[in-house]
Asks: 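Input: one structure, supplied below.
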Protein chains: 4
Amino acid sequence: MTNSETKLTKKQIAILEAATELFAEKGYAGTSTSEIANKAEVAEGTIFKHFKSKKGLLLSIVSPMMVKLIAPMVKNDMNKVLDQDFEHFQDFIRAMIENRKAFIKKNLPLLRILIQEIPFHPELKEQFIEHIGKDIFARLRNIVEHYQAKGQLIQTHSDTIIRIVASSIFSYIIARYVIVPDGDWNDEEEVERIIQVLENGIVPRE
Amino acid sequence: MTNSETKLTKKQIAILEAATELFAEKGYAGTSTSEIANKAEVAEGTIFKHFKSKKGLLLSIVSPMMVKLIAPMVKNDMNKVLDQDFEHFQDFIRAMIENRKAFIKKNLPLLRILIQEIPFHPELKEQFIEHIGKDIFARLRNIVEHYQAKGQLIQTHSDTIIRIVASSIFSYIIARYVIVPDGDWNDEEEVERIIQVLENGIVPRE
Amino acid sequence: MTNSETKLTKKQIAILEAATELFAEKGYAGTSTSEIANKAEVAEGTIFKHFKSKKGLLLSIVSPMMVKLIAPMVKNDMNKVLDQDFEHFQDFIRAMIENRKAFIKKNLPLLRILIQEIPFHPELKEQFIEHIGKDIFARLRNIVEHYQAKGQLIQTHSDTIIRIVASSIFSYIIARYVIVPDGDWNDEEEVERIIQVLENGIVPRE
Amino acid sequence: MTNSETKLTKKQIAILEAATELFAEKGYAGTSTSEIANKAEVAEGTIFKHFKSKKGLLLSIVSPMMVKLIAPMVKNDMNKVLDQDFEHFQDFIRAMIENRKAFIKKNLPLLRILIQEIPFHPELKEQFIEHIGKDIFARLRNIVEHYQAKGQLIQTHSDTIIRIVASSIFSYIIARYVIVPDGDWNDEEEVERIIQVLENGIVPRE
DNA sequence: CATGAATGAGGCTTCATTCAT
DNA sequence: AATGAATGAAGCCTCATTCAT
């Protein structure tokens, strides 16, 4: 039940938090280790004692978050779907958005780092493809095919449905939190509308 | 008489092209001016003769592209819509995606720079909001309301429809070109599917 | 408990000394930070760890010297004058020149920097006016008026006397150390002659 | 009767004037050739067509001024002294200050450059010593000895008298125009006072 | 564990100077 | 004679990283 953070000392946590905030705000390349040390109230050398290099620090931030991002999906969703906890596909989507929301709000800076830095770091890209691209995708494919078999989704290549649904959600998240974070969003309604459109779009008409 | 690029010398073009490629590949902060000079086969000093600073170079790359990105929309679309060149809303969307495709393919690196760097540069953010956020949004609102009046779009707040459609398209572009550029995409079909879903989602059922 | 320099590390002192010598020899603008690093046998980066910028280095050299230049005057002279340690004005002048001589000889390069760079650096000008122009001038005015009251100085506007005396001394210093430093000066006699002329000039004839 | 400036083209004059102003304001090392070109409204290359290098430009500014500075002394003073135009030494000094005043006011920037840059340029130093240090000094020595022979100056080493007088005048000029140019000077009175003190100081009491 | 002084490579930018036009 | 684009060396400064304490 203990998780990997248990081993972290106070200073390590301070460093990780400072780095997360700064990387999110100014980008990885735009942030200096001395800024991080400053904000974490730690000596410059301390950073390198715990994280071999600046890149190592980035990975220490991003890698665990990728795991966390997909953890609930891996553990719960699949079972709930098979156990018929979600009778309709839209129930599944709604649940997925809802239970990720708190996480996303809390981990916004982490998400921004992930999105911004993936293109520039092969290691990250690899991890991302490995975890999200393959693992998650396989699970989602099972789920989609499950609902298709039940006649609740139109018969198209499952990948396409996944992409459309995922991208609709993802675009909302990016727009909401990265592109126009200062707009006056009514999140509940927006989510409802997205789901409505998706439902109209991918649920067969009887 | 042709266009504004006519005034650029060979070296200036070489610098802009090299910078565009490198910024797209390694990010603005991750690219050094000496790398740019190298790739452009130009002395480093030459860069600063033509562009006040590294930031100035970035703006010289990104600003014109924002204008170009929206130019066709400003000039043509509205008239075509009013002239009934597009009888149905989906015709309008399809046309919009189609005629931007060539541009997007050609200006992929530029788009990546735009997307990646906007969060870190207030000037860019401002320009973006000014051009895309205000100008374009107003036009799109007119178009949506035009089709709503014709009974071709469901009656929701027009902003929401715009956001859903735009984000679906935008998410496709991001996924296609930024997140998974190396996937094996069948662009025509993907676009068709997006349009299909959008049509199902936002066109009222008779 | 000794003095403020106690806090300086060896490298900081080496940097300050190298910079002082070079600034005096080639001027502030004519000296590069890499030259300073070289002469101080220190990495160039080390300079900027200790002094925010090249300008900061200049100020770290010049500011304390301004204080030191006037310190003895502030502490001792006034009391000695009032205590009648100097019965005649010329005694006062002689003492003032004498007790500054060691300091001047030792801090010649510093003085040269001060004189050469003041016109180009508003901060220096300000400090100079603040310390020398206001503080010292007020004290000198008191002293002059003190001797005028005793009938030992001609009755002219005290500012004028100060200026004439100070400029005679100052001109000697400039001539001696800046304009013709390589001439064969007999300092004792020169000082005696200056004092003689001043005495003849500003002491009333009985 | 034509002087060396006759050969100068408009552009050359513009360059010299711009350079003079800028060198005086920011120092030689602190002024860039492009700034000069800018201010002179001339292409950068043009400067180097006319003045081989930046240093050449400096010399073209300073050398002629040294000649001009001493010209009147060379031509007139000596004769006037011998012709008894100035019966007393103080008449000579007064005339010297007076007839240099217009020149100094007009050529203030040039003087500042001369004073500031001499220490950093061996060529200038050499010229200065050659012209002022030797030529002028020899003349002045003659003059002083002339008045000493007439019993109008105290019997001290003539060099000393020259230095004291010159430095008193020089210090006034420096103070007036370099150190405290913004003070509210009453030039006539100040000059009168200087002369008075000098007279008291170096004219024997009968 | 933690520090922070020290490093030297490298970043952005400016400079004096050249040369084809 | 005049231009100004082009250069590359050099300038100031920041960076990630190391190491003695």
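The sequence lines fix the lettering, A, B, ..., with proteins before strands; numbering per chain opens at 1. For the numbers below, each heavy atom of this structure counts, side chains included, while hydrogens, waters and symmetry mates do not.
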Asks: Expressed as a whole number of angstroms, how long is the span from A:Ile15:CD1 to E:dA2:C1'?
Replies: 10 Å
Asks: Provide, to the nearest angstrom, the distance between the CD atom belonging to C:Glu44 and the P atom belonging to E:dA9.
Replies: 12 Å
Asks: Could you tell me how far apart D:Lys54 (NZ) and E:dT17 (P) are, to the nearest whole angstrom?
Replies: 8 Å
Asks: Describe the nucleic acid contact of B:Thr33 in one word from base, sugar-phosphate, nothing, applying a heavy-atom distance below 4.0 Å.
Replies: base
Asks: Is the phosphate of E:dG10 approached by B:Ser32 (side-chain N or O, under 4.0 Å from OP1 or OP2)?
Replies: no
Asks: If the condition is side chain to side chain donor-acceptor pair (under 3.5 Å), which residues does D:Glu35 pass it with, not counting sequence neighbours?
Replies: D:Lys26, D:Ser32
Asks: Rounded to the nearest Å, what distance is computed from the CD atom of residue B:Gln12 to the P atom of nucleotide F:dG4?
Replies: 14 Å
Asks: Would you compute the distance between atom CD of C:Glu21 and atom NZ of C:Lys39 and round it to the nearest 0.5 angstrom?
Replies: 4.0 Å
Asks: For B:His50 and E:dT14, what is the distance between atoms NE2 and C1' respectively, to the nearest whole Å?
Replies: 15 Å
Asks: With rounding to the nearest 0.5 Å, note down the distance linking CG in D:Leu108 to CD1 in D:Ile113.
Replies: 10.0 Å
Asks: Base, sugar-phosphate, or nothing for D:Lys49, non-hydrogen atoms under 4.0 angstrom?
Replies: base
Asks: Rounded to whole angstroms, how far apart are CD on C:Glu35 and P on F:dG11?
Replies: 7 Å
Asks: Find which nucleotide of DNA chain F each of D:Val42 and A:Phe48 is nearest to by heavy atoms, and output the residue with the more 5' nucleotide.
Replies: D:Val42
Asks: Would you say that D:Phe120 contacts C:Gln116 through its side chain, given a criterion of any heavy-atom pair below 4.5 Å between the two side chains?
Replies: yes
Asks: Could you give me the stems involving DNA chain F, meaning stretches of three or more consecutive Watson-Crick or G-U wobble pairs whose two defining distances are both below 3.5 Å?
Replies: E:2-21 with F:2-21
Asks: What integer distance in Å separates B:Ile36:CD1 from F:dT7:P?
Replies: 15 Å
Asks: Given F:dA16, is OP1 or OP2 found less than 4.0 Å from the side-chain N or O atoms of A:Lys52?
Replies: no
Asks: Categorize B:Thr46 for me: base, sugar-phosphate, or nothing, with a 4.0 angstrom heavy-atom threshold over every strand shown.
Replies: base
Asks: Starting from the C-alpha separation in whole Å, work towards a yes-or-no answer on side-chain hydrogen bond (donor to acceptor under 3.5 Å, both in side chains) for A:Glu117 and A:His121.
Replies: CA-CA 7 Å; A:Glu117 297 304 332; A:His121 306 272; 3.1 Å; yes
Asks: Over how many whole Å does the gap from D:Tyr28 atom OH to E:dA16 atom P extend?
Replies: 8 Å
